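Positions are given from 1, in the same order as the sequence printed here. Small disclaimer: the values here were computed from a predicted structure and weren't measured.
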Amino acid sequence: MQQNKKGIYNIIFGILGQSVTICFGVIIPRFILKQYGSETNGLLGSVKQIFIYVSLLEAGVGTASIQALYKPIAENNRDGINGILSATHRYYKKTGFIYFCTVILIAIVYPFMIKTELSYATIFFVFLFTGMGGAVNFWFQGKFRLYLEAEGKNYILVSINAFTYLLQSMIEIILILKGYSIIVVQASYFVINLLPMIVILYYIKTRYTWIDVKTVPDYKAISQKNSVLIHQISTLVFNNTDMLVLSFFCGLKSVSIYSLYSMVINSVMNLVNQVNSGFKFKMGQAYVSDRKAYLRLHDMFEVANMILVFSCFALVYILIIPFIKLYTEDVADINYIDYKLPVLFVLVQLLSNGRASSHYVINYAGHFKKTQWRSIAESVINIVTSLICVHFFKIYGVLMGTIAALLYRANDMILYSHKYILLCSPVKTYRRWGLSFLSLLLSILSIEKIPVVLDSYEKLFFYGILYMFLILIIHIS
């Protein structure tokens, strides 16, 4: 019952927190576009993508630590928990210094590497202030975040992040409206993002007095961190290579177009992930303690995930162009309306999120080293295809590269997880994929016959709710 309660809290707080993120994530780029133009908007988008790659410095140990923590948490083994957290803490101290140096180095070099009319100082300080928060996270509270997530208290982290994001966004809007430079806006971003560190440290010190990161470190528990890193690189490649390739070969205005569509897609994707991750801790703990219980949870999750993912992105496909038209109606420096992009963006998300059940069980089983070459293959397919196609198809080319990689890896994950971990046929999973695609096409074709012009945000909101209701009926039935 306690685990179910945590899971429900994770989903509720996750949805509320993500709603705040979506709301201001839509509003702020609008202010930036109007105040600073498409190049600055493209700069912010590309800088954020670069820092997602820089975060690879901790990606391996982060995921390895969470997977290692499931067993001692399920057994209430505090010594085991402290050993893992101690090893993670020592690794994070070293990584924090490397991260700091990396931020400085890239901030110096990056302005010379892109085509832009923005000044060197603007790019340097935007990069610097955007990246410094990551170094602070490594040094002070990264390991505690991992523990709370593994224990099932992700709702605590979501609540802290949502409040911080709300405060940060309000301050950013005030600074933009008062005409401050983008450098000042990003400086405020850095200062406000120190708040979660203080709150999390206080929460851990008062609620978990037994946690001791100075105990003997259990390095063996996180020994697969390097293999995990390969998987994290693969994930980041198909999520974030596109903007970097565009910034180098097509310029920041193309990045701005991509980032606007990506903003909408990622908002929905993050909402889906918040729902999916609500009971992730329970599934992880069940896998190491009760296989029969896990298999039931796996089957339930796969069905629910398919319905959620395909329903949400059917709605996105229908509404994204009307939204973009409204959002950019008084932005004249480039044309943001492109009817081909939603098809490619939605296909990326269906392939990426639809495979979640297979991805999770590979992680729970700890098959990181056994599958790392498969992740390398995914990365190579993505990068090579994107670099070739961007020359011929521009913005469409980078999305084609991501889709090519996902077609390979989604099938690979399904086949591998069923053959080596679940020990059953993948036919049932493929049948669910097929039915989900048919339901998606039926939903889109049915709704597109409704003679409605979505020319206001009010209509988008009202018909969005109505369409989602109809889509869910089609998918569930």
Side-chain angles (χ1 to χ4, degrees), residues 56 59-60 62-64 66-68 70-71 222-239 241 272-273 276-277 279-306 309-310 347-385 401-437:
L56 283 171
T63 302
I66 290 174
Q67 299 305 132
Y70 284 140
K71 184 175 178 61
I222 59 172
S223 60
Q224 288 206 72
K225 64 180 184 298
N226 293 330
S227 297
V228 174
L229 180 59
I230 301 298
H231 290 268
Q232 295 293 341
I233 289 173
S234 174
T235 301
L236 291 176
V237 163
F238 71 72
N239 279 336
T241 293
V272 169
N273 288 339
N276 281 347
S277 63
F279 286 91
K280 186 178 177 181
F281 76 98
K282 182 177 180 178
M283 293 174 67
Q285 293 177 28
Y287 184 88
V288 299
S289 60
D290 189 340
R291 181 175 173 80
K292 287 184 178 180
Y294 173 77
L295 291 175
R296 289 194 301 270
L297 288 172
H298 177 90
D299 206 45
M300 291 168 57
F301 174 78
E302 186 169 82
V303 173
N305 178 63
M306 288 285 188
V309 168
F310 280 79
L347 184 55
V348 166
Q349 295 306 320
L350 295 179
L351 292 170
S352 177
N353 289 280
R355 65 182 185 173
S357 57
S358 298
H359 176 65
Y360 283 0
V361 73
I362 290 172
N363 285 356
Y364 299 146
H367 285 210
F368 301 113
K369 188 173 184 179
K370 294 178 180 179
T371 58
Q372 64 184 14
W373 71 264
R374 301 164 188 266
S375 291
I376 294 172
E378 179 183 28
S379 301
V380 171
I381 293 170
N382 193 334
I383 294 172
V384 172
T385 309
T402 305
I403 290 169
L406 282 168
L407 283 171
Y408 156 71
R409 187 65 171 136
N411 281 285
D412 177 71
M413 281 187 173
I414 293 169
L415 294 172
Y416 182 92
S417 62
H418 282 80
K419 182 177 181 179
Y420 296 106
I421 303 173
L422 299 173
L423 307 178
C424 62
S425 171
V427 172
K428 185 167 57 175
T429 294
Y430 278 115
R431 187 186 301 120
R432 288 168 180 163
W433 274 90
L435 291 173
S436 296
F437 269 110

(Q) I need the minimum non-hydrogen distance between A286 and L297, along with the two atoms involved. (A) CB-CD1, 4.0 Å
Q: State, yes or no, whether a side-chain contact exists between I421 and Y364 at a heavy-atom distance under 4.5 Å.
A: no
Q) Quick one: ring pair (Phe, Tyr, Trp, His ring centres under 6.0 Å) partners of H418, sequence neighbours excluded? A) none
Q: Check side chain to side chain contact (heavy atoms under 4.5 Å, CB included) between N411 and all other residues, then give those that pass, not counting sequence neighbours.
A: Y430
Q | For the student: nearest non-hydrogen atoms of W433 and L350, plus distance | A | CH2-O, 3.4 Å
Q: Give a yes or no on whether the ring-centroid distance for Y287 and H298 is below 6.0 angstrom.
A: no
**Q.** Under 3.5 Å: donor-acceptor pair, side chain of T385, backbone of N382
**A.** no
Q: Check whether any side-chain N or O of S352 sits under 3.5 Å from a backbone N or O of V348 as a donor-acceptor pair, and report yes or no.
A: no
Q. How long is the span from the NZ atom in K419 to the OG atom in S425, to the nearest 0.5 Å?
A. 12.5 Å
Q: Rounded to the nearest 0.5 Å, what's the gap from CZ on F301 to CE on M306? Could you check?
A: 10.0 Å
Q. Hey, are R355 and D412 close enough for a salt bridge, meaning a charged N less than 4.0 Å from a carboxylate O?
A. no
Q | Gap separating the CD1 atom of I381 from the CD1 atom of I383, nearest 0.5 angstrom | A | 11.0 Å
Q.
Could you measure the distance from the CG atom of L351 to the CE atom of M413? Nearest 0.5 Å is fine.
A. 12.0 Å
Q: Could you walk me through whether T429 and E302 pass the side chain to side chain contact (heavy atoms under 4.5 Å, CB included) test, one step at a time?
A: CA-CA 8 Å; T429 294; E302 186 169 82; 3.0 Å; yes
Q) What are the two closest non-hydrogen atoms of N305 and A356, and how far apart are they? A) ND2-CB, 3.9 Å
**Q.** Trace of the side chain to side chain contact (heavy atoms under 4.5 Å, CB included) decision for H367 with S417
**A.** CA-CA 10 Å; H367 285 210; S417 62; over 6 Å; no
Q) When rounded to the nearest 0.5 angstrom, what distance separates CZ in R432 from NZ in K428? A) 5.0 Å
Q: Quick one: pull up OG in S358 and CG in L415 and give me the separation to the nearest 0.5 Å.
A: 9.0 Å
Q. Between Y420 and K370, is a side chain to side chain contact (heavy atoms under 4.5 Å, CB included) present by the stated rule, with each step listed?
A. CA-CA 10 Å; Y420 296 106; K370 294 178 180 179; over 6 Å; no
Q. Checking side chain to side chain contact (heavy atoms under 4.5 Å, CB included) for the pair V361/Y294: CA distance, chi angles, key distance, verdict?
A. CA-CA 10 Å; V361 73; Y294 173 77; 3.2 Å; yes
Q. Of all heavy-atom pairs between R409 and S375, which one has the smallest distance, and what is that distance?
A. NH2-OG, 3.3 Å
